[in-house]
Amino acid sequence: MAPKNSEASTNSKMVMNKGAWTGEEDRKLAEYIEVHGPKRWKTVAMKAGLNRCGKSCRLRWLNYLRPNIKRGNISDEEEDLILRLHKLLGNRWSLIAGRLPGRTDNEIKNYWNSHLSKKINKKEKNLQSVQLHRTASPKTCEAVAAGQETVEESSKGAAIRSLASM
DNA sequence: AACATTTGCAACCGCGTGCTG
DNA sequence: ACAGCACGCGGTTGCAAATGT
């Protein structure tokens, strides 16, 4: 895959750092934000003396350097909340993260993709095999599933609207 | 021990939206 | 009304560590 960078490409001579952040870069970013605050990321990147694009700085701050960030060890309560919110909101990771203090959307998205989606797939497969044994025709199953989907979609919309407006 | 495969997470990318001049 | 910019989001990728053969 050819590397692209929309912000970096605005200055053809400038080659931005990419990949993992070093301790030194973290320190520079944190020090700058402590003084000037987390805004104008392009300026932050330049003024902090970081050869990074603004986007990269923003992401690093939000997902790693920001104070009060919880890392790892997602508790059973948090997992349960994620599952319920995902059922309600779908892949609205930032909204879900907003309900979990100290957690980032990226962390929740990663957790979902690597842990929960598998769990759910397993559950669904189990459920399907049970249903196939119990119910009459596959068409009945489809009809039932479609009906549930419609109801879920409408409540999803209401939930997103109410959370987004907060 | 050596290699292959899988997993988990940090970071990147493209796109949509809102703000500003 | 419009263009350009900055920001935020969700999807995807890259890679090191862990695990399996």
Side-chain angles (χ1 to χ4, degrees), chain A residues 1-125 149 152-153 155-166:
Chain A
M1 212 175 117
K4 281 186 211 165
N5 187 319
S6 57
E7 285 187 53
S9 66
T10 57
N11 185 340
S12 57
K13 280 189 181 175
M14 196 70 172
V15 179
M16 296 290 181
N17 275 353
K18 279 178 140 191
W21 280 65
T22 65
E24 176 70 7
E25 286 177 313
D26 281 347
R27 190 187 56 74
K28 281 182 180 174
L29 181 60
E31 273 178 9
Y32 184 90
I33 288 174
E34 204 171 308
V35 177
H36 299 93
K39 51 192 171 185
R40 294 237 155 217
W41 290 107
K42 205 173 175 179
T43 315
V44 169
M46 287 191 300
K47 295 270 175 73
L50 293 161
N51 195 20
R52 296 265 181 182
C53 65
K55 263 187 180 183
S56 181
C57 294
R58 176 184 162 270
L59 206 67
R60 185 63 178 171
W61 172 255
L62 290 178
N63 291 331
Y64 199 85
L65 298 174
R66 201 161 44 120
N68 308 323
I69 281 210
K70 278 190 215 166
R71 303 196 61 74
N73 296 330
I74 290 189
S75 66
D76 289 346
E77 292 79 38
E78 285 175 313
E79 185 179 305
D80 182 55
L81 189 54
I82 293 169
L83 283 166
R84 283 188 288 136
L85 287 170
H86 186 270
K87 198 170 182 183
L88 205 61
L89 305 169
N91 295 359
R92 302 298 203 96
W93 306 118
S94 60
L95 280 179
I96 295 173
R99 301 275 122 188
L100 290 151
R103 300 293 183 186
T104 68
D105 55 350
N106 207 33
E107 189 178 16
I108 290 168
K109 180 169 60 181
N110 282 334
Y111 188 72
W112 178 270
N113 287 332
S114 51
H115 296 84
L116 299 181
S117 61
K118 284 173 198 164
K119 268 192 187 178
I120 282 172
N121 277 343
K122 256 190 192 174
K123 265 191 188 176
E124 275 179 357
K125 275 188 182 171
E149 195 62 26
E152 277 173 14
E153 285 304 313
S155 63
K156 223 183 237 185
I160 290 169
R161 279 191 295 279
S162 73
L163 281 175
S165 66
M166 287 173 78

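Below, chain A is the first sequence line, B the second, and so on; all start at residue 1.
To the nearest angstrom, P of B:dC9 lies 16 Å from CG of A:L59. Taking atom CG on A:N110 and atom C1' on C:dG11, their separation rounds to 11 Å, with Å as the unit. Rounded to whole Å, the distance from NZ on A:K39 to C1' on B:dT20 is 16 Å. Between the CG atom of A:N17 and the P atom of B:dA10 there is a distance of 19 Å, rounded to whole Å. Atoms CH2 (A:W112) and P (B:dC9) sit 16 Å apart, rounded to a whole Å. As a whole-Å value, the separation of A:I108 CD1 from B:dA10 C1' is 16 Å. To the nearest angstrom, P of C:dC7 lies 11 Å from NZ of A:K55. Counting to the nearest Å, the P atom of B:dA11 and the CG atom of A:L50 are 13 Å from each other.
For B:dC13, one of the phosphate oxygens OP1 or OP2 lies less than 4.0 angstrom from a side-chain nitrogen or oxygen of A:K18. In this model, the phosphate group of C:dG8 is not approached by any side-chain N or O of A:S94 to a distance below 4.0 Å at OP1 or OP2. For the OP1/OP2 pair of B:dC12 and a distance below 4.0 Å, the side-chain nitrogens and oxygens of A:R52 include at least one atom meeting the criterion. Between C:dG8 and A:R58, a contact under 4.0 Å exists linking OP1 or OP2 to a side-chain N or O. A:R71 has a side-chain polar atom (N or O) that falls below the 4.0 Å cut-off from OP1 or OP2 of B:dA10. In this structure, A:R60 reaches the B:dA11 phosphate: one of its side-chain N or O atoms is under 4.0 Å from OP1 or OP2. Residue A:W41 has a polar side-chain atom (N or O) positioned under 4.0 Å from OP1 or OP2 of C:dG8. The phosphate of C:dG10 (OP1 or OP2) has no side-chain N or O of A:K109 nearer than 4.0 angstrom. Applying the 4.0 Å criterion to OP1 and OP2 of B:dA11, one finds that A:N63 has every side-chain N and O outside that range.
Looking at the side chain of A:R40, the nearest of the listed nucleotides B:dC12, C:dC7, B:dC9 is C:dC7. With distances taken from any side-chain atom of A:N113 to the nucleotides B:dC9, C:dA6, C:dT12, the minimum falls on C:dT12. Checking B:dA11, C:dC7, C:dT12 against the side-chain heavy atoms of A:N106 singles out B:dA11 as nearest. Comparing B:dC15, C:dT12, C:dG10 by their nearest atom to the side chain of A:R92 picks out C:dG10. Checked against C:dG11, B:dA11, C:dG8, the side chain of A:W21 finds its nearest nucleotide in B:dA11. Considering only the side chain of A:D105, C:dC9 comes nearest among C:dC9, B:dC9, B:dC12. Closest approach to the A:K42 side chain among C:dA6, B:dC9, C:dG11 is made by C:dA6 (side chain taken as heavy atoms from C-beta onward).
Residue A:E34 places its CD atom among 12 or fewer non-hydrogen atoms of other residues, nucleotides or ligands, all under 6.0 Å distant.
In this structure, CH2 on A:W61 lies 10.5 Å from CG on A:D26, to the nearest 0.5 angstrom. Rounding to the nearest 0.5 angstrom, the gap separating the OG atom in A:S94 from the NZ atom in A:K109 is 9.5 Å.
The pair A:E25-A:R60 does not meet the salt-bridge criterion, since no charged nitrogen lies less than 4.0 angstrom from a carboxylate oxygen.
Residue A:N91 is in sugar-phosphate contact alone, with no base atom involved, counting any heavy-atom pair closer than 4.0 Å across all strands shown.
Contact record, A:L29 with A:C57: CD2-O, 3.6 Å, taken as the closest heavy-atom pair. Between A:H36 and A:K39 the shortest heavy-atom distance is O-CE, 3.6 Å.
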